Amino acid sequence: MTLDKKQFFDPQAITAKWQERWRLDRLYHIDLKTAKSPYFCLMMFPYPSAEGLHIGNIYMQTGTDAFARFKQMQGNDVFEPMGLDAFGIHSENYALKIGKHPMEQGRLAQENFYRQMESAGLMVDWSKKLETTDPNYYKWTQWLFIQMFKHGLAVRKKAKVNFCPSCKTVLADEQVIDGKCERCSSLVEKRDLEQWFFKITDYAKRLLDNIPGLDWDEKIKISQTNWIGESKGAEIEFRIKNVELRIKVFTTRPDTLYGATFLVVAPEHVLIDKILKQVQDDNVRKEVNEYVKSAQNKSEQERLEVGKEKTGVFSGCYAVHPMTGKQIPIWIADYVLASYGTGAIMAVPAHDERDFEFATKYNLPIKQVIKTPANSEGKAYAGKGEIINSVEWNGLVVPQDINKIIYDIEKRNIGHAKENYHLRDWLISRQRYWGPPIPMVFCEKCAKEGKSWFDTEEAKELSKIQNSKLKIKNSTPEAHGWYPVGDEELPVLLPFIEDFKPLGSGISPLANHPEFYNTKCPVCGNQAKRETDVSDTFLDSSWYFLRYLATDWQYLPFPTENREFSTEVTKLKSEIAARKRFLPVTIYIGGAEHAVLHLLYARFITMALHDMGYLDFEEPFSKFYAHGLIIKDGAKMSKSKGNVILPDPLIKKFGIDTVRLYLRFLGPFEQGGDFRDTGIEGMHRFVKRLYKLLAKDQNTKLQEQKLEDKKRLRMLHQTIKGVTEDLEALRFNTAIAKLMTYYNFLSTQQDIYKIEAKVYLQMIAPFAPHVAEELWEQIGEQYSIHKSAWPSYEEKYLVSEKVNIAVQINGKVRDVLAVASEESQDKHRVMEIVLASEKVKRYLGKTEISINKVIYVPGRVINFIV
RNA sequence: GCCGGGAUGGCGGAAUGGUAUACGCGGUAGUCUCAAAAACUACUGGCUAUAAUGGCUGUGUGGGUUCGAGUCCCUCUCCCGGCACCA
């Protein structure tokens, strides 16, 4: 007779039973204050834009959860919080697509997301959840913006910025991938606009220098290093002939200075106008003007097109070479970028491919200054070799002697050592609706009078107490008229408006709402206007991990002892101290796609908050682990391909424990893997078999007495060791493989010892929390398995199963003769095995040698000295 | 072009320099069934052999180090990711 499945294993009933019990018992509630061994296990919070959770979200969340549960069982007080990154273009675009108001869509999505995440059986303390759209949250996002402004890290600048014509907003550099919008893949345009920027470039060096010390995925560290893009070199000044003007150029190869045969400046370079005034020839002037104009009209895309032939025009002016005193022509060409370095270069065609191409086209002189191997032709871009044709530098060898050259340049007062960074300032304004309004007020009257917040008493007070790393600047023209909203006015609520659609033309939807933007100047009291742009969603997520520790605090953004909050700090003194122990985040798990976005911004903001005195650490995430992507049929899941896997039906069909186990098993966590339907069926079979093996009313008898069988003890302890090490390194797939091997072993045994069942359930609990809890109860153990101590192993049971037996002649290993197995641990037995081995017989027969000494190397090789 | 990472059965993937292919999927055969499904049992890299506890071969290519290489070193090919007219 076949058993009805329901009769012996009903995953839905088990899940419901235990989730209910855990909730009633507040099993996963964590008291941040009394925690003895604080462990902050953070996972990236999702944005609730799509129809619901994606299998990829579940993949990441349950993976993090398995690790968190493991750490909890190891005796840590694990804080695993969760929330929603609900503001931002992602969510807004989705609302636009389905024709709902973002506020309404947000409410629906929020409900659905929390329901789904709770069904995943996470050990999240839901009493500490947060949403970035909550005014109690974005009040502090706005507060953060204001602190950045007050400390001179949020500035208004007019600049060429990325503009997405489809999302109708500006974008940060990091949000442009291959010239396309990160969200919608539209071709990004460049527009000249005045916007709010965060001065992340001020932190470029520190952000870079801290990278080697981070316990992060190497991939991510390399990406960030490349993105910050430090180039070491020198800035060198060239006098312009007949004029009191100088052009600064940046070069990484000051050693090739004697090879500079002309200068090139970007078409946008500010000196061009001044230079042109000196030019007599009208034709040249006209030509230059035309070139500059045509360069401006070209899109970034066109200008950067690979393989494009270089263009340029002679400016009519000459510069004076600082070493030789000879005059060299100044050219204007768009292969030099205004936004990098000084916007001008010294061209060394003999040793730079681009300069060579340009010099060849326009017939400019080429002068070799580095000795190159005989066989290479004119263009040798060698970065190393002996310097020639360079008067006093001749004979020096680069790169070794580059510092001598820079020293010489500095001594002659023609330039100095200089580092440049690829990193650009973080453009924070968005001309969209769905975000926290930037909490700034602009007063026309004050602007005309050249006043700003930096002229107030408060600014002067602040400048007295601030960290030396942050110098409050004097009021710059860009800051004139700008005041932050007063603390008591926060949050600046995002109003509900019907016309929330992005307008394009660089204006935010809020700009059509005088009832929102009309206000009074906090200083002069005249009519003033609120900023109508909202901030980038990456600002919301740049500090959310701090807020998890303070979701119940209304007057503190996160645990801090800064004097700004002195009243609260006095009141909550010990609580703040206790909660601070969870920071910085112990481990952060998330997708590698945020390498240069979220992860860099969070580091920057943390560093800035540190410098402002709000935090006493400057790196937010001690450890970062990047998980891989889950794909289907070898391709990324997408609706157009019709290969999207949704979690709900799977959970319904197999139960969450099977899904959790399968997601862990399908490939290494850091690589992701291919979702296969037959694969999950296989895992389902395993879960059913396991249940059958250990469930109370099944045939198995649990042996209460002590386990003495050596083989079984070794199996048990080896599995504990392997699984523990695998979990420690987040190698979930191999951990589960070991558990399955162990199951296969146990299932062949007549009886199962209690200790085996117990340890087995504990090891599978992080992956299959509900089934493990159910069986834990059925074998008569005390609730809850998740509060039980992770099993430990004893070395004495771990003697290696395999040893190799080798022959040594004159201290050198000559040959491996045999492989002995477990029984061979004592020397006499080894001898027997060796002598019985066919290979040894042959070896001994051939060479007529005898074994006179045995050296035993535990675990690996047994050497015979012959 | 530059910087990373990778290539192991029919498939996903295991292997601190020590019996390559753990674990799962798929496949084959069998048990149970009127039958099928499910479940269970056995086998499953290739070639060869079958009296075997047999032989040979095998981790993208070609070489090297080593008693011993998927693993370490060098060459080449291909694939994936990031950056890219950044001076």
Side-chain angles (χ1 to χ4, degrees), chain A residues 1-5 177-178 218-227 229-231 233 249-254 256 260 264 266 303-308 310 333-337 339-348 351-355 357-358 381 420-424 592-593 595-596 628-629 631 634 661-662 665-668 670-671 673-683 685-686 688-689 692 722 725-726 731 733-744 747 800-809 812-821 838 859-861 863:
Chain A
M1 195 193 86
T2 48
L3 271 173
D4 177 21
K5 255 187 255 171
I177 316 285
D178 288 334
E218 283 305 316
K219 271 199 313 256
I220 307 291
K221 285 163 73 166
I222 290 164
S223 295
Q224 287 211 359
T225 307
N226 291 342
W227 186 259
E230 183 184 59
S231 294
V249 303
F250 174 72
T251 177
T252 53
R253 298 291 308 280
T256 61
V264 188
R303 275 178 64 168
L304 297 185
E305 216 170 287
V306 279
K308 188 198 77 166
K310 291 183 176 31
D334 67 2
Y335 82 91
V336 171
L337 305 175
S339 52
Y340 184 74
T342 61
I345 61 153
M346 63 176 210
V348 185
H351 304 288
D352 182 280
E353 196 168 356
R354 295 151 303 177
D355 298 344
E357 196 189 320
F358 194 77
Y381 312 118
N420 260 321
Y421 298 90
H422 169 107
L423 186 71
R424 303 293 149 84
E593 70 274 18
V596 295
L629 277 184
I631 55 172
L661 274 163
Y662 176 61
F665 184 65
L666 52 58
E670 62 192 336
Q671 277 172 41
D674 206 351
F675 189 95
R676 311 174 91 217
D677 299 331
T678 54
I680 193 165
E681 307 255 3
M683 188 54 77
R685 274 203 282 274
F686 166 72
K688 281 189 286 191
R689 280 193 293 234
K692 211 168 172 182
E725 286 172 358
D726 284 349
R731 288 191 303 257
N733 56 330
T734 51
I736 291 173
K738 285 178 177 104
L739 286 168
M740 288 174 117
T741 310
Y742 189 39
Y743 165 85
N744 289 343
S747 66
S800 173
E801 201 169 345
K802 296 174 221 165
V803 287
N804 293 292
I805 295 158
V807 171
Q808 268 191 16
I809 299 172
K812 225 176 165 218
V813 178
R814 294 307 308 162
D815 200 3
V816 171
L817 296 178
V819 177
S821 62
E838 281 303 311
R860 280 293 160 228
V861 180
N863 291 339

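Below, read A as the first sequence line, B as the second, and so on, with proteins coming before strands; counting in each chain starts at 1. Nothing here was measured: the structure is a model prediction, and the numbers come from that model.
In this structure, B/A29 forms a base pair with B/U41, meeting either the Watson-Crick or the G-U wobble geometry with both donor-acceptor distances under 3.5 Å. B/U65: no Watson-Crick or G-U partner with both key distances under 3.5 Å is found in any strand. The partner of B/C34 is absent, by the rule that a Watson-Crick or G-U pair needs both atom distances under 3.5 Å. Searching all strands for a Watson-Crick or G-U wobble partner of B/G54 with both distances below 3.5 Å returns B/U48. The partner of B/U77, taking Watson-Crick or G-U wobble pairs whose two distances both stay under 3.5 Å, is B/A7. Partner assigned to B/A84 is none, using Watson-Crick or G-U wobble distances below 3.5 angstrom. B/A14 makes up no base pair with any nucleotide shown, lacking Watson-Crick or G-U wobble contacts both under 3.5 Å.
Nearest-nucleotide positions on RNA chain B for A/Asp355 and A/Ile177 put A/Ile177 closer to the 5' end.
Note on A/Ser223: every side-chain N or O is 4.0 Å or more away from OP1 and OP2 of B/C83. For the OP1/OP2 pair of B/A87 and a distance below 4.0 Å, the side-chain nitrogens and oxygens of A/Tyr340 include at least one atom meeting the criterion.
Checking B/G24, B/A87, B/A39 against the side-chain heavy atoms of A/Phe665 singles out B/G24 as nearest. Taking only side-chain atoms of A/Asp352, from C-beta outward, the nucleotide of B/A15, B/G24, B/A87 with the closest atom is B/A87. Side chain of A/Arg685, nearest nucleotide from B/A87, B/C11, B/A39: B/A39. Comparing B/A87, B/G26, B/C11 by their closest approach to the side chain of A/Val336 singles out B/A87. Minimum atom distance to the side chain of A/Arg689 is reached by B/C40, of the listed B/G24, B/A15, B/C40. The side chain of A/Asn744 approaches B/C23 more closely than any other nucleotide in the set B/C11, B/A87, B/C23. When each of B/A87, B/G12, B/G13 is scored by its nearest atom to the side-chain atoms of A/Asn733, the top-ranked nucleotide is B/G13. Side chain of A/Phe250, nearest nucleotide from B/G82, B/A87, B/A14: B/A87. For A/Thr741, the listed nucleotide lying nearest its side chain is B/A22; candidates were B/G26, B/C85, B/A22. Counting only heavy atoms from C-beta on, A/His422 has its side chain closest to B/C83 among B/G13, B/A39, B/C83.
Here the straight-line distance linking atom CG of A/Leu739 with atom CZ of A/Phe686 works out to 6.5 Å at 0.5 Å rounding. Put simply, CG on A/Leu629 and CD on A/Glu670 are 13.0 Å apart, with the number rounded to the nearest 0.5 Å. Taking CG of A/Asn420 as the start and OG1 of A/Thr342 as the end, the distance is 8.0 Å to the nearest 0.5 Å. The CG atom of A/Asn733 sits 11.5 Å away from atom OH of A/Tyr662, with the distance rounded to the nearest 0.5 Å. For the atom pair A/Met346 CE and A/Thr251 OG1, the distance stands at 4.0 Å (nearest 0.5 Å).
Counting distance only, with no hydrogens placed and no angle test, the side-chain atoms of A/Lys310 and the base atoms of B/C85 include a donor-acceptor pair under 3.5 Å.
Rounded to whole Å, atom C1' of B/G24 lies 14 Å from atom CG of A/Asp674. When the C1' atom of B/A14 is taken as reference, atom CG of A/Asp726 falls 10 Å away, rounded to whole Å.
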_Test log, rule side chain to side chain contact (heavy atoms under 4.5 Å, CB included), inputs A/Leu666 and A/Met683_ = CA-CA 10 Å; A/Leu666 52 58; A/Met683 188 54 77; over 6 Å; no
*Take A/Tyr335 and A/Glu357 through the side chain to side chain contact (heavy atoms under 4.5 Å, CB included) test and state the conclusion after the steps.*
CA-CA 11 Å; A/Tyr335 82 91; A/Glu357 196 189 320; over 6 Å; no
*asked:* As a quick check of understanding, evaluate side chain to side chain contact (heavy atoms under 4.5 Å, CB included) for A/Arg253 and A/Asp352, giving each step before the final call.
replied: CA-CA 10 Å; A/Arg253 298 291 308 280; A/Asp352 182 280; over 6 Å; no
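When every heavy atom of A/Glu725 is checked against every heavy atom of A/Arg731, the shortest pair comes out as O-NH2, 3.7 Å.
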Between the protein and nucleotides 1-6 of chain B, list the N/O to N/O atom pairs that are separated by less than 3.5 angstrom.
none

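Counting non-hydrogen atoms under 4.0 angstrom, A/Gly341 reaches nothing in the nucleic acid.
Annotated as anti: B/G10, whose O4'-C1'-N torsion sits more than 90° from 0.
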